[in-house]
Amino acid sequence: MSKKRENHPQWSSWLLFVLAATGSAIGLGNIWKFPYIAGQNGGSAFVLVYLACVLGMGIPMLMAETLIGRRGRLNPIDCMEVVAEEAGANPHWRWLGGMGILLGFLILTYYSVIAGWTIAYIFKTAAGVFLGKGASEVGYLFAQFIASPWQLIFWHSIFMLATMAIVARGVQGGLEKAVELLTPALFILLLILVGYAMSAGDFQRGVRFLFYPDFGRFSGESLLMAMGHAFFSLSIGMGAMMIYGSYLPGNVSIAKTSLIIAVADTSVALLAGVAIFPLVFANHLEPATGPGLIFQTLPLAFAQMPLGSLFGALFFVLLAFAALSSSISLIEPAVAWLMEDFGLTRPLACLVSGFGCWLIGLGTVFSFNRWSHLTLFDKTFFDLLDFLTSNLMLPISGMLLVVFAGWVMQPEVNRAELSTSPCLFRLWWLLSRYVAPATVGLILLNGIGVL
Ligand code: TRP
């Protein structure tokens, strides 16, 4: 293990870690998924529960996963093994690391397909395809686009290639360079869009939909989705934060950096909602439209804005970049594992894992066209994969990680890694030992219909 550790890279500074982890957290989850699932689950009630999940479980879990990573300083499988051994526990905890690697890989298979849509929309908005079109025409163009497997495969391939090109360059040469500019730029563009929604959209109705509590359409499944999404959005439970934590220099406070990441991530999701729902209502669209929501509202908004083609294209560029800074964290655990445990070079490890993702991603591509009629429990391949990974496996793996940090690792080790005030440490301790595991467990049992 010590030989492997010698070659394990490090971020150049704590700020780069924060940027990379924030870049990982902010992605399609915030701008594409959050508004559409909030819309499907009745809006405000979903948002409230989501916020409670971020605070009570997400943040302690984010800290737990990062600290395990920094303690182990290896890929998730080996990392879990050495930290378990250090604590005198069973080395089979390594399988939890393995589950994280697999989950990240599976999520990337569909993440890349949707990210491909954002790249396609850069070109469509820039070319002015939506200029002068109404809501139904924009909706029709989207339906036509996803009905074509070849187009989706093309953009999915481009996105996978871009991800692999960055990851192949390594931590300092690839990952760091990619996140430095993108994360701040996305914030600025989102604020511009909120400004536009305030002036041109039905702002009051949009904000009411998001923040005025209404539990009418909220179900047991909604609760599960709100929790799963809180974890998905913070990039917890899949080894991404563990591997990023393992590249983190030793003297940085994990409590402080985790809080910054969580605040940035949550504000981007809320801002995206505040930008999108006023436009949904002003254009008489349905909030429960589903995965196509932003691809139907935003082009409409941009088509009516002065310099709309420019802003629209820019927005989709940034969205594609936000997706890229997340996708690299989804595949990095697998790549680090293939390198450290099988001796592959970084480019070869990228090629193998990237090709696998691309291939399974075709299942998601076909869910929107050729296989759209093939459903199980009323869900297509894409819906099923998304539901299983983000709503079931992710909470399970996040819960096991926080149990590991809270119950298996020694308190002194946790205290040293988190480096925060005694009072905050106690709070983390209570949340991660009792509150987070128990709540996740209850919500899971409720969601799968046992309770
Ligand atoms: N958080 C990202 C988003 O919101 C997705 C993501 C990237 C992710 N890495 C992850 C989710 C690791 C879970 C685990 O789009």
Side-chain angles (χ1 to χ4, degrees), residues 19-38 50 53-54 57-59 61-62 64-66 69 76 96-97 99-115 117-118 159 163 166-167 175 178-179 182-183 186 190 225-246 258 261-262 264-273 291 294 318-336 353 357 385-401:
L19 284 175
T22 313
S24 161
I26 299 176
L28 295 176
N30 306 59
I31 297 165
W32 161 72
K33 198 170 174 194
F34 176 76
Y36 99 72
I37 55 177
Y50 168 80
C53 290
V54 168
M57 302 182 267
I59 296 177
M61 285 179 165
L62 179 59
E65 188 171 333
T66 317
L96 183 55
M99 178 162 156
I101 294 180
L102 178 70
L103 261 172
F105 176 86
L106 286 178
I107 290 193
L108 185 54
T109 66
Y110 72 79
Y111 202 85
S112 162
V113 175
I114 314 288
W117 300 357
T118 66
F159 185 79
T163 304
I166 297 178
V167 179
L175 272 60
V179 296
L182 305 178
T183 315
L186 185 76
L190 209 51
M225 283 175 86
M227 176 178 75
H229 189 65
F231 302 166
F232 182 92
S233 189
L234 290 173
S235 297
I236 300 167
M238 298 206 268
M241 286 300 165
M242 200 186 289
I243 196 83
Y244 276 15
S246 77
S258 301
I261 296 162
D265 183 60
T266 310
S267 1
V268 170
L270 293 178
L271 278 177
I294 64 161
L318 284 169
L319 192 52
F321 279 128
L324 251 183
S325 60
S326 300
S327 65
I328 53 185
S329 75
L330 284 163
I331 200 70
E332 178 67 17
V335 170
S353 47
C357 267
L385 190 65
D386 180 28
F387 184 77
L388 283 179
T389 51
S390 37
N391 298 338
L392 293 180
M393 292 165 73
L394 212 151
I396 294 179
S397 124
M399 174 173 75
L400 291 173
L401 281 171

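Side chains are part of it too, since the values below use all heavy atoms of this structure and drop only hydrogens, waters and symmetry mates. For ligands, and for the atoms within them, numbers begin at 1 and follow the listed sequence.
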Under 4.0 Å from a heavy atom of [X]: which atoms of ligand 1 are those, numbered in the order shown and with their elements?
{"X": "Gly27", "answer": "3 (C), 4 (O), 15 (O)"}
{"X": "Tyr111", "answer": "2 (C), 3 (C), 5 (C), 15 (O)"}
{"X": "Ala240", "answer": "12 (C)"}
{"X": "Ser326", "answer": "2 (C), 7 (C), 9 (N)"}
{"X": "Ser233", "answer": "1 (N), 4 (O)"}

Protein residue, atom and distance nearest to [atom], heavy-atom basis:
{"atom": "atom 9 (N) of ligand 1", "result": "Ser329 OG, 3.0 Å"}
{"atom": "atom 8 (C) of ligand 1", "result": "Ser235 OG, 3.5 Å"}
{"atom": "atom 2 (C) of ligand 1", "result": "Ser24 O, 3.1 Å"}
{"atom": "atom 11 (C) of ligand 1", "result": "Phe232 O, 3.1 Å"}
{"atom": "atom 13 (C) of ligand 1", "result": "Met238 CE, 2.6 Å"}
{"atom": "atom 3 (C) of ligand 1", "result": "Ala25 O, 3.3 Å"}

Pair Tyr111-Phe159, ring pair (Phe, Tyr, Trp, His ring centres under 6.0 Å): steps then yes or no: CA-CA 10 Å; Tyr111 202 85; Phe159 185 79; 7.1 Å; no
With a 3.5 Å distance limit and no angle check, can you tell me whether [X] reaches the backbone of [Y] through a side-chain donor-acceptor pair?
{"X": "Ser325", "Y": "Ala322", "answer": "yes"}
{"X": "Glu332", "Y": "Ala240", "answer": "no"}
{"X": "Ser390", "Y": "Gly228", "answer": "no"}
{"X": "Ser112", "Y": "Thr109", "answer": "no"}

Can you tell me if Trp32 contacts ligand 1 (heavy atom of the residue under 4.0 Å from the ligand)? no
Take every heavy atom of Asn30, measure it against each atom of ligand 1, and state whether any distance is under 4.0 Å. yes
Under a 3.5 Å cutoff, is there a donor and acceptor pairing between the side chains of Ser326 and Ser24? no
Test of proximity, Leu234 against ligand 1: N or O pairs below 3.5 Å: no
Taking atom CZ of Phe105 as the centre, does the number of heavy atoms from other residues, nucleotides or ligands within less than 6.0 Å exceed 12? yes
Parallel, tilted or perpendicular: which one describes the rings of Trp32 and Trp117, with boundaries at 30° and 60°? perpendicular
If you look at every heavy atom in Leu190 and Ala272, which pair is closest and at what distance? CD2-N, 4.2 Å
